[in-house]
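Proteins come first, then strands; the chains are lettered A, B, ... in the order of their sequence lines, and each starts at number 1.
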There are 2 protein chains.
Amino acid sequence: MTDASTWRRLGFLLTQLGTFASARFAERVRDLGLVPSDAGVLRLLSRNPGMSQRDLAGRLGTVPSRVVVLIDSLEDRGLVARTRSQNDRRNHELRLTDAGHATMGALRGIAEAHERELFASLDDEERRLLQGILAKLAAGFGLDAEVHPGYSERGQ
Amino acid sequence: MTDASTWRRLGFLLTQLGTFASARFAERVRDLGLVPSDAGVLRLLSRNPGMSQRDLAGRLGTVPSRVVVLIDSLEDRGLVARTRSQNDRRNHELRLTDAGHATMGALRGIAEAHERELFASLDDEERRLLQGILAKLAAGFGLDAEVHPGYSERGQ
DNA sequence: TATTGTTATACTCTATAACTATA
DNA sequence: TATAGTTATAGAGTATAACAATA
């Protein structure tokens with residue numbers, strides 16, 4: 001049995017490191033002129049081209065009116081395009097533009113550099129163990145493997 | 001060498017799980033009528049009674065004006081008391097009231113239950129490994145062992 | 001009548017700057 | 001003149017509700 005101080009420290013560490021990792025990622029994407037929520041939207045649209053705003057809201061766990069603001073901003077910067085669906089003209093189909101795909105490519109590079117930086121102090125065995133344990137925890141809590149958090153309520 | 005998809009997944013998992021853990025902790029402390037930032041302040045004051053607001057701001061990584069709001073709220077609820085320092089009447093010495101100590105006790109119980117819930121799916125060996133790896137990472141990034149994140153800027 | 005997206009609006013959180021009281 | 005704390009204020013992010021277009 002693990003003692004109480006270790007019990008306490010584990011959740012604390014997870015929260016601290018998760019926050020640290022997010023903040024560091026935010027710094028990096030800012031170099032691309034993006035905020036973290038932009039990055040998540042681009043990622044989701046690159047994998048699911050043609051998604052409607054409503055689908056996107058559902059997937060991100062937020063409300064449609066928030067998606068309007070997110071997409072307005074990305075559209076203004078020429079990274080995402082809205083086109084009216086021909087099947088149902090109420091829908092907007094969302095897709096990355098060419099510039100959006102290019103930014104998405106840069107984002108992949110940034111994500112990889114981010115990972116390398118974060119886990120540079122671990123050896124291969126430690127990384128493998130950490131990956132296994134964190135994946136087990138995430139699966140247990142039903143976390144969506146494609147969606148970054150931070151689209152609803154206030155982050156804590 | 002670990003392959004690229006594993007690299008990527010690790011930081012992603014850390015952010016997801018950290019956010020999940022914070023959100024779950026926020027739910028639990030809400031049962032005590034607190035928000036997470038209250039919990040961190042109570043914790044710090046219980047270990048450092050007599051702290052000034054300026055010291056607290058520095059420790060939390062935020063600005064003095066934010067501390068005013070945090071302490072106002074805790075004082076209104078009778079959990080923290082301000083007393084003018086006799087050495088330097090510009091300073092407020094901050095201390096938990098009796099009710100504040102009682103709430104702090106309840107908070108310890110909640111923190112422990114939180115840990116048990118989060119890591120229930122792991123066996124002792126996995127917990128030990130996770131603890132070692134996370135502690136190594138946190139130390140490498142210079143994270144303060146006593147301070148929860150979330151007092152500056154916006155959560156991500 | 002129901003649904004998609006939009007707008008208007010309000011609320012919370014946080015930071016900056018000006019202010020007061022003490023030193 | 002400098003420092004601790006406070007107040008006023010402004011900005012960002014997010015949600016709710018009312019609305020227009022389409023089904």
## Note on the structure
Side-chain contact check for B:Val68: nearest option of C:dT22, D:dA23, D:dT7 is D:dT7
#### Entry: Expected output: side-chain B:Arg84 to main-chain B:His92 donor-acceptor under 3.5 Å
no
### Message
Tell me whether the side-chain N or O atoms of A:Arg90 pair up with the base of C:dT3 as donor and acceptor below 3.5 Å, since no angle test is needed here.
### Response
yes
### Message
Please classify the nucleic acid contact of B:Arg89 as base, sugar-phosphate, or nothing, using heavy-atom distances under 4.0 Å.
### Response
sugar-phosphate
### Message
If you assign B:Arg84 and A:Val63 each to the DNA chain D nucleotide with the nearest heavy atom, which residue ends up on the more 5' nucleotide?
### Response
B:Arg84
### Query
Roughly, in whole Å, what's the span from CD in A:Glu93 to P in C:dT4?
14 Å
### Message
For C:dG5 and A:Asn91 - does any side-chain N or O of the residue sit under 4.0 Å from the phosphate oxygens OP1/OP2?
### Response
yes
### Query
Rounded to whole angstroms, how far apart are CG on B:Leu60 and C1' on C:dC13?
15 Å
### Task
Take atom CZ of A:Arg54 and atom P of C:dA2, then tell me their distance rounded to the nearest Å.
14 Å
### Task
Would you mind reading off the distance between A:Leu70 atom CG and D:dA15 atom P, rounded to a whole angstrom?
10 Å
### Message
Here's a test of your reading of the structure: between A:Val69 and A:Gln86, which maps to the more 5' nucleotide of DNA chain D?
### Response
A:Val69
### Below 4.0 Å: OP1/OP2 of C:dT6 and any side-chain N or O of A:Arg82
yes
### Task
Using modelled atom types only, decide if a donor and an acceptor are shared between the side chain of A:Asp38 and the backbone of A:Val35 within a distance under 3.5 Å.
yes
### Query
A:Asp72 has an atom CG; how far is it from atom P of D:dG13, in whole Å?
14 Å
### Message
I need the NE2-P distance between A:His92 and C:dT3, as an integer number of Å.
### Response
19 Å
#### Entry: Spacing of A:Leu56 atom CG relative to C:dT4 atom C1', expressed in whole Å
14 Å
### Message
Using whole Å, what does the distance between atom P of nucleotide C:dT3 and atom CG of A:Asn87 come to?
### Response
18 Å
### Message
Between D:dT16 and A:Ser65, counting only base atoms on the nucleotide and side-chain atoms on the residue, is there a donor-acceptor pair under 3.5 Å?
### Response
yes
### Message
Of the options D:dG5, D:dT14, C:dT6, whose atoms approach the side-chain atoms of B:Gln53 most closely?
### Response
D:dG5
### Task
Give a yes or no on this: more than 12 heavy atoms of other residues, nucleotides or ligands lie within 6.0 Å of atom CD of B:Glu125.
yes
### Summary
Heavy-atom closest pair (B:Glu117 atom, B:Arg28 atom, distance to 0.1 Å) is OE1-NH2, 2.8 Å
### Query
Within the side chain of B:Thr62, is there an N or O that forms a donor-acceptor pair under 3.5 Å with the backbone of B:Gly58?
no
